[in-house]
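Structure record follows, encoded as structure tokens.
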Amino acid sequence: MIENAPRFLVQYALETVPRYTSYPPATGFHDGVGFQNWSDWMLRQPTGSNLSLYIHIPFCKSMCWYCGCHTTIPNRHDRIARYLEALDADIRRRAGYAPVGSRVTCIHFGGGSPDMLEPAEFARIMARLRERFTITSDAEIAVELDPRGVTTELCTTMADHGVNRASLGVQDLSSEVQLLINRIQPRAMVQAAAHMLRSAGIRAINMDMMYGLPAQSRERVVTTATALAEMGADRISVFGYAHVPWFKKHQRAIPDSRLPGASERFEQMLAAAATLGDAGYDAIGFDHYARPDDPLAIAAAKGTLRRNFQGYTTDSCDLLIGLGASAISETPQGYVQTIADPVRYAEAVMSGADMLARGVERSPAEFATATRLADLLCRFETELAPTDNVDALAPLVAEGLVQIESGRLVVTALGRPYVRNIAARLDPALQLAENRHSTAV
């Protein structure tokens, strides 16, 4: 290993800590928060606010055994059609709570797989959004896609309705790994999906890969990272597989004996980082990579990088409206999440009941903590508060993972893989508990 490269430190690598895509984390959501809270929070927002919209399509053609998302496999398309009726009603109802003069600058379609939609269905959703919200001409409209479901017609329709960024889930290109995770998609299929998107005019392409999957090795991770770079991905996300079969029962199909150990996972993570760095990508935070001319890399260089439920982002909005089953909405005052089950969500929406099942109110002190944790995760430094437990940071200082300089906490190059562990020590509410969060590495 290169001298001064990050070291595998088992006490931190195996520690279970939040991903801090929200604060308080979603593990703190409860059913005492609902539509009334959210509507009250929205009424407090200033006129002319910028908005982000997240639209969740909770359907897939088949279940990937590694998946940790809220999704289901519909046996008939009419299940999707009924869901879309409820989604339309949800859009119409909640658009009425947008602040006067607000503008939408970012829209993200997630899943599941939005490619489960027929082109006409996607077009109707976008038409409704444009009818009920003011969407800026330069808004980023992004869609997550399964390469196996991408078609020329769908790409053309998405481009015609303003989609300008797409994210392809790749994970690993080894046929053995793909068989073990129930996701067969050869490199040629991924290349074809990227070509269809670019030919339709959607030229900003993200690709996702994972480490820690069954039968993965350092060499297979390098092969996948090299291929994604060769395919011209503008951004690449590198996520560690979280094996939680007690929470996601379909993960029981993955044999524990085929999973790499903690130190192997660490080496795979470093191998992906080195491969992408050699290919010309800038490291963004602890798990994203972007070409230097991509807006994400530019935001990181300027210090304007943000973090939300989609990970690292250029989205600068303080208001997020989550539409569809399991979608999360955010205001400075707190978070709310819709009912996760698509059928129950649709029933609640269509009956006029409260479709917001749980959430958490955020105090001004918690908002301040959220801001500091975001600084740490996006810029690798933050101001220390008088209430911070400096003693809890002492072992990290001794290991060379952080430095304390003039009242600021600075993460070193050695500490960057462990930035979630570092953030956890600035979280006044966190009690490190097994099985509540994913491992740090």
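The figures that follow rest on heavy atoms only: side chains count, while hydrogens, waters and symmetry mates do not. Along the sequence shown, the residues carry numbers beginning at 1.
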Worksheet entry | Check against salt bridge (Lys or Arg N to Asp or Glu O under 4.0 Å), Arg291 and Asp293 | CA-CA 6 Å; Arg291 295 195 179 280; Asp293 60 349; over 6 Å; no

Practice prompt. Please assess Tyr83 against Phe59 for the test ring-ring contact (aromatic ring centres under 6.0 Å, His included), listing each intermediate value before the final yes or no.
Written response: CA-CA 10 Å; Tyr83 174 82; Phe59 303 105; 5.3 Å; yes

Decide yes or no for [X] and [Y]: does some side-chain heavy atom of the first lie under 4.5 Å from some side-chain heavy atom of the second?
X      : Y      : answer
Ile57  : Leu117 : yes
Leu296 : Leu305 : yes
Met63  : Thr71  : yes
Val143 : Pro114 : yes
Ile135 : Ile107 : yes
Met158 : Met126 : no
Met207 : Val190 : yes
Ile321 : Tyr54  : no

Distance-only donor-acceptor pairs under 3.5 Å for side chains of residues 230-245, two or more places apart:
residue: Glu230; atom: OE1; partner: Arg187; partner atom: NH1; Å: 3.1
residue: Glu230; atom: OE1; partner: Arg187; partner atom: NH2; Å: 2.9
residue: Asp234; atom: OD2; partner: Ile205; partner atom: N; Å: 2.9
residue: Arg235; atom: NE; partner: Asp294; partner atom: OD1; Å: 3.4
residue: Arg235; atom: NE; partner: Asp294; partner atom: OD2; Å: 2.6
residue: Arg235; atom: NH2; partner: Asp294; partner atom: OD2; Å: 3.2
residue: Ser237; atom: OG; partner: His288; partner atom: NE2; Å: 3.4
residue: Tyr241; atom: OH; partner: His243; partner atom: ND1; Å: 2.6
residue: Tyr241; atom: OH; partner: Gln251; partner atom: OE1; Å: 3.3
residue: His243; atom: NE2; partner: Asp256; partner atom: OD1; Å: 2.9

Between [X] and [Y], is the gap from one ring center to the other below 6.0 Å?
X      : Y      : answer
Phe122 : Phe109 : yes
Tyr289 : Tyr281 : no
Phe35  : Tyr97  : yes

Fill in: Parallel, tilted or perpendicular: rings of Phe309 and Tyr335 (30°, 60°)
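Plane angle over 60°, so perpendicular.
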
Kindly confirm or rule out a cation-pi arrangement of [X] over [Y], judged by NZ or CZ under 6.0 Å from the six-membered ring centre and within 45° of its axis?
X      : Y      : value
Arg252 : Trp65  : no
Arg416 : Phe380 : yes
Arg372 : Tyr23  : no
Arg307 : Tyr312 : yes

Checking side-chain polar atoms at under 3.5 Å, does [X] have a donor or acceptor matched by the opposite partner on [Y]?
X      : Y      : value
Gln178 : Arg183 : no
His108 : Glu140 : no
Ser52  : Asp315 : yes
Asn182 : Tyr66  : no
Tyr211 : Asp172 : no
Asp90  : Tyr345 : yes

What's the spacing between [X] [atom1] and [Y] [atom2] if we round to 0.5 Å?
X      : Y      : atom1 : atom2 : answer
Gln191 : Leu168 : CD    : CG    : 11.5 Å
Leu276 : Thr226 : CG    : OG1   : 8.0 Å
Cys64  : Ile181 : SG    : CD1   : 6.5 Å
Arg82  : Met350 : CZ    : CE    : 11.5 Å
Asp354 : Ile339 : CG    : CD1   : 7.5 Å
Leu426 : Asp375 : CG    : CG    : 11.0 Å

Of all the heavy-atom pairs spanning [X] and [Y], show the shortest one and how long it is.
X      : Y      : result
Val336 : Gly34  : CG1-O, 4.0 Å
Leu145 : Ala166 : CD1-CB, 4.1 Å
Pro99  : Pro46  : CB-O, 3.5 Å
Pro260 : Leu213 : CD-O, 3.2 Å
Ala200 : Ala159 : O-CB, 3.2 Å
Ala327 : Gly322 : CB-C, 3.4 Å

Item to complete: Go through Leu376 and Val419 one step at a time and tell me if the side-chain contact (heavy atoms from CB on, under 4.5 Å) criterion holds.
Response: CA-CA 8 Å; Leu376 188 69; Val419 67; 4.2 Å; yes

Item to complete: Decide side-chain contact (heavy atoms from CB on, under 4.5 Å) for Tyr418 and Val411; before the verdict, give the C-alpha distance in whole Å, the side-chain angles of both, and the deciding distance to 0.1 Å.
Response: CA-CA 9 Å; Tyr418 304 106; Val411 181; over 6 Å; no

Practice prompt. Kindly determine whether Glu131 and Arg124 satisfy salt bridge (Lys or Arg N to Asp or Glu O under 4.0 Å), including the steps that lead there.
Written response: CA-CA 10 Å; Glu131 174 189 286; Arg124 283 196 292 271; over 6 Å; no

Worksheet item: With no hydrogens and no angle check, is any side-chain donor or acceptor of Arg362 less than 3.5 Å from a backbone partner on Gln333?
Response: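 The answer is no, because no donor-acceptor pair under 3.5 Å joins these two groups.
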
Fill in: Side-chain (Thr224) to main-chain (Leu173) donor-acceptor, under 3.5 angstrom
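At least one qualifying donor-acceptor pair exists.
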
Practice prompt. Begin from the C-alpha positions of Arg203 and Asn164 and carry the test side-chain contact (heavy atoms from CB on, under 4.5 Å) through to its verdict.
Written response: CA-CA 7 Å; Arg203 303 194 179 277; Asn164 47 31; over 6 Å; no

Worksheet entry | Evaluation steps, salt bridge (Lys or Arg N to Asp or Glu O under 4.0 Å), between Asp88 and Arg132 | CA-CA 11 Å; Asp88 184 77; Arg132 295 290 170 150; over 6 Å; no

Does [atom1] in [X] sit with more than 12 non-hydrogen atoms of other residues, nucleotides or ligands closer than 6.0 Å?
X      : atom1 : result
His195 : NE2   : no
Arg103 : CZ    : no
Arg198 : CZ    : yes

Item to complete: Evaluate side-chain contact (heavy atoms from CB on, under 4.5 Å) for Leu319 paired with Cys317, printing each intermediate quantity in order.
Response: CA-CA 5 Å; Leu319 298 178; Cys317 297; 5.5 Å; no

Practice prompt. Start with the C-alpha gap between Glu176 and Arg258, add the side-chain angles, then the distance that decides, and say whether salt bridge (Lys or Arg N to Asp or Glu O under 4.0 Å) holds.
Written response: CA-CA 11 Å; Glu176 182 181 15; Arg258 301 305 304 275; 2.8 Å; yes

Worksheet item: By salt bridge (Lys or Arg N to Asp or Glu O under 4.0 Å), which residues pair with Glu121, not counting sequence neighbours?
Response: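 Expected list: none.
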
